[in-house]
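Letters A, B, ... are given to chains in the order of the sequence lines, protein chains preceding strands, and every chain is numbered from 1.
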Amino acid sequence: MRPGAVKGTYDILPEDQPRWRALFETAARVLGRAGVEEITTPVFEHREVFDKSVGDSADLVVQKEMYTFQDRGGRWLTLRPEFTAGVLRAFIEHGMHTRPLPVKLWSAGPAFRAENVQRGRFRQFHQVNCELVGGGSALLDAEAIALLVDVFAALGLPGVHVKVGSVGDPDDRERYNAYLREVLSPQREQLSETSRERLRLNPLRLLDSKDESDQMLLAPLHRPLDLLGPEARAHFDEVTAALGSWGVPFEVDRSIVRGLDYYRRTAFEVHHAGIGAQSALGGGGRYDGLLANLGGPDLPGIGWAFGVERVLDALHGEGAELGEREQTLAYLVPLDPEAVPEVARLARTLRAEHRIEHGYVARNPGKGLRDADRSGARLAVLRGSRERAASAVVVKDLRSGEQVSVALDDLPAHLRAVAGRPVSEGTATTSGGLAR
RNA sequence: GUGGAUGUAGCUCAGCUGGUUAGAGCACCGGAUUGUGGUUCCGGGGGUCGAGGGUUCAAAUCCCUUCAUCCACCCCA
């Protein structure tokens, strides 16, 4: 069997590229206007970078899902499973804490997780990531959330649901975990097996259970948001007040939860109903303390990421098309061998202004026009012995069928004029269509 | 790691309970049309029927194994 693309990876074909490009360009524009600057970091890092950002979590699963390997020099490296750790590593390495704070950085590119594949979940996938580093103000939390929403809006994606919650400060989390243990331990026999395990290791995650009877048990309980300390509560209220005053639509999610320990206070997710079971387009949160964990200054930060594949899936489902392929203006047809180098040279000069393609072997007019048609070009430009004798070319509009002889010297002006006109309506005339 | 569905031409699929040489549409190539395309008509090339094994006179079809894809569970930075 010949090998196909590796499980969980796929090819982005030429016809898909405009969508991808348009998405990245839109994100760059929206974020750029907010003063967020682009940073590109390597796709792999020393494994400690991700181990430190992720590793002290109770969930060892997370580590199992990282692509970690040893290079020829014996270095342990990890393909990035997310952007935050690498971006913060770069932030620290380049002393960016000396820049005006907060430092706002966005990135885009592939990331890797050794997960099982399903809709919206791949082993190599793509994210757009944004980090606002060095500010603890609730206004930054609100700005981060608003920016994420703004990007979706600029993409023309309807139907997004923004959920905002808070996991509180570390004290709050401990208190909440203790609360869950206290309330649920007497009823542990009624919990599902995995939930019993979670009760022991990481009670917070119980809230994620999809088991119906679990949810029945959990329903009457307080949520993290209900038991926030006064400071975290005030912070949360400031965030929601800012979002409200900016007109950013969101709903408060009392039970929002993060899997990793470094998250503090604000946590948020954006969901979309039309993309299968993995309905989260993106999400993020505040990670005060993470920077210090990575050996940097003790600065707070907040960030988010969204999954490019999922957003494109959602856009497709909503019928929102994104990006267009540039149409070839003219396809140059050599009608005899002598014309081949002539059209090649001509194409090179015309390309200064337009997208131009041409044939590489002599064709009769029938085949040549078919080639031109299939290239998607607006015009076919024919060059053969008759045209040569007149120092001209024949230019045929492939939609209307009209054709004219144009002197070589006049061709640039002619093409410019056509390019400035809207594409002529109507499918080409039938049969004859040929000017005599 | 677990479960379900699906694997037949480049693509989308048909092929019923086993029975001649495995089909269609689209796509591709050629001709009708040797200086005029996209429509139409005619013709053509393309397949280890995912792979391996088994049952049978006979397997795309039934059985087993395996691989892959999709969806879901698990998990989710």
When you compare the protein's N or O atoms with those of nucleotides 33-35 of chain B, which come within less than 3.5 Å of each other, and at what distance?
{"residue": "B:G35", "atom": "O6", "partner": "A:Ser385", "partner atom": "N", "Å": "3.4"}
{"residue": "B:G35", "atom": "O6", "partner": "A:Ser385", "partner atom": "OG", "Å": "3.2"}
{"residue": "B:G35", "atom": "O6", "partner": "A:Arg386", "partner atom": "N", "Å": "3.0"}
{"residue": "B:G35", "atom": "N1", "partner": "A:Glu387", "partner atom": "OE1", "Å": "3.0"}
{"residue": "B:G35", "atom": "N1", "partner": "A:Glu387", "partner atom": "OE2", "Å": "3.1"}
{"residue": "B:G35", "atom": "N2", "partner": "A:Glu387", "partner atom": "OE2", "Å": "2.4"}

Protein N or O to nucleotides 25-28 of chain B N or O, pairs below 3.5 Å:
{"residue": "B:C28", "atom": "OP1", "partner": "A:Arg374", "partner atom": "NH1", "Å": "2.6"}

Output one line per pair: protein atom, nucleotide atom from nucleotides 43-46 of chain B, and distance, for all N/O pairs under 3.5 Å.
none

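Nucleotides B:C63 and B:U2 are separated by 23 Å at their P atoms, to the nearest Å. Between the P atoms of B:A27 and B:C42, the separation comes to 15 Å (whole Å). To the nearest whole angstrom, the two C1' atoms, one in B:G52 and one in B:G10, are 26 Å apart. Rounded to a whole angstrom, the distance from the C1' atom of B:A68 to that of B:C75 is 23 Å. As rounded to the nearest Å, B:C28 and B:U39 have P atoms that lie 9 Å from one another. Distance check on atom C1': B:C16 versus B:A60 gives 13 Å, rounded to whole Å. Remark: the separation of the C1' atoms in B:A14 and B:C57 is 28 Å, to the nearest Å. Rounded to whole Å, the C1' atom of B:A9 lies 11 Å from the corresponding atom of B:A22.
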Just distance, no hydrogens or angles: give the donor-acceptor pairs under 3.5 Å from side chains in residues 411-420 of chain A, sequence neighbours left out.
{"residue": "A:Arg416", "atom": "NE", "partner": "A:Glu353", "partner atom": "OE1", "Å": "2.8"}
{"residue": "A:Arg416", "atom": "NH2", "partner": "A:Glu353", "partner atom": "OE2", "Å": "3.2"}

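For A:Arg113, there are no salt bridge (charged side-chain N to carboxylate O under 4.0 Å, His left out) partners two or more places apart in sequence or in a different chain. Listed by chain and residue number, nothing satisfies the side chain to side chain donor-acceptor pair (under 3.5 Å) test with A:Arg370 (two or more places apart in sequence, or in another chain). The side chain to side chain donor-acceptor pair (under 3.5 Å) search around A:Glu318 returns A:His272, not counting sequence neighbours. Remark: A:Glu387 pairs with no residue by the salt bridge (charged side-chain N to carboxylate O under 4.0 Å, His left out) rule, at least two apart or across chains. Taking A:Arg21 as the reference, nothing meets the side chain to side chain donor-acceptor pair (under 3.5 Å) condition, with sequence neighbours excluded.
One finds a salt bridge joining A:Asp371 and A:Arg363 here, because a Lys/Arg side-chain nitrogen approaches an Asp/Glu carboxylate oxygen to under 4.0 Å. The existence of a salt bridge linking A:Arg265 and A:Asp288 is excluded, since no basic side-chain nitrogen approaches an acidic carboxylate oxygen closer than 4.0 Å. For the pair A:Glu338 and A:Arg383, the salt-bridge criterion is not met [side-chain N within less than 4.0 Å of a carboxylate O].
Annotation: A:Phe306 is in aromatic contact with A:Phe152 [ring centroid separation under 6.0 Å].
Atom CZ of A:Arg258 is separated from atom C1' of B:A77 by 9 Å (rounded to the nearest Å). In this structure, A:Tyr331 atom OH and B:U36 atom P are separated by 18 Å, rounded to whole Å. Regarding A:Glu115, its CD atom lies at a distance of 16 Å from the C1' atom of B:U2, rounded to whole Å. Atom C1' of nucleotide B:U39 and atom CG of A:Leu369 are separated by 15 Å, given to the nearest angstrom. A straight line from CZ of A:Arg370 to P of B:U39 spans 10 Å, rounded to a whole angstrom. Protein atom CG of A:Leu204 is 14 Å distant from nucleotide atom P of B:C75, rounded to whole Å. If you measure from atom CD1 of A:Ile256 to atom C1' of B:C76, you get 13 Å, rounded to the nearest angstrom.
Side-chain contact of A:Thr328 with A:Arg355: a donor-acceptor pair under 3.5 Å is present, judged by distance alone. For the 3.5 Å distance criterion, the side chains of A:Ser255 and A:Asp253 qualify, holding a donor opposite an acceptor.
Comparing A:Asp373 and A:Gln127 against RNA chain B, the residue whose closest nucleotide sits nearer the 5' end is A:Asp373.
The closest donor-acceptor contact from the side chain of A:Tyr179 to the backbone of A:Pro224 lies at 3.5 Å or more, if one exists at all. Checking side-chain atoms of A:Arg173 against main-chain N and O of A:Tyr263 turns up a donor-acceptor pair under 3.5 Å.
Exactly one of A:Arg264, A:Arg175, A:Arg286 qualifies for a salt bridge (Lys or Arg N to Asp or Glu O under 4.0 Å) with A:Asp169. That residue is A:Arg264.
Among the duplex regions that RNA chain B forms, those built from at least three successive Watson-Crick or G-U pairs under 3.5 Å are B:1-7 with B:67-73, B:10-13 with B:23-26, B:28-32 with B:40-44, B:50-54 with B:62-66, ordered by first number.
For residues 293-315 of chain A, the set of pairs meeting the salt bridge (Lys or Arg N to Asp or Glu O under 4.0 Å) definition, not counting sequence neighbours, comprises A:Arg119-A:Asp313.
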Checklist outcome for this item: A correct 5'-to-3' footprint of nucleotides 69-74 of chain B, with B, S and - meaning base, sugar-phosphate only and no protein heavy atom under 4.0 Å, is SSSBBB
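At B:G31, one or more side-chain N or O atoms of A:Lys367 fall inside 4.0 Å of OP1 or OP2 (strictly under the cut-off).
Remark: A:Thr26 OG1 to A:Phe24 CZ distance equals 11.0 Å, nearest 0.5 Å.
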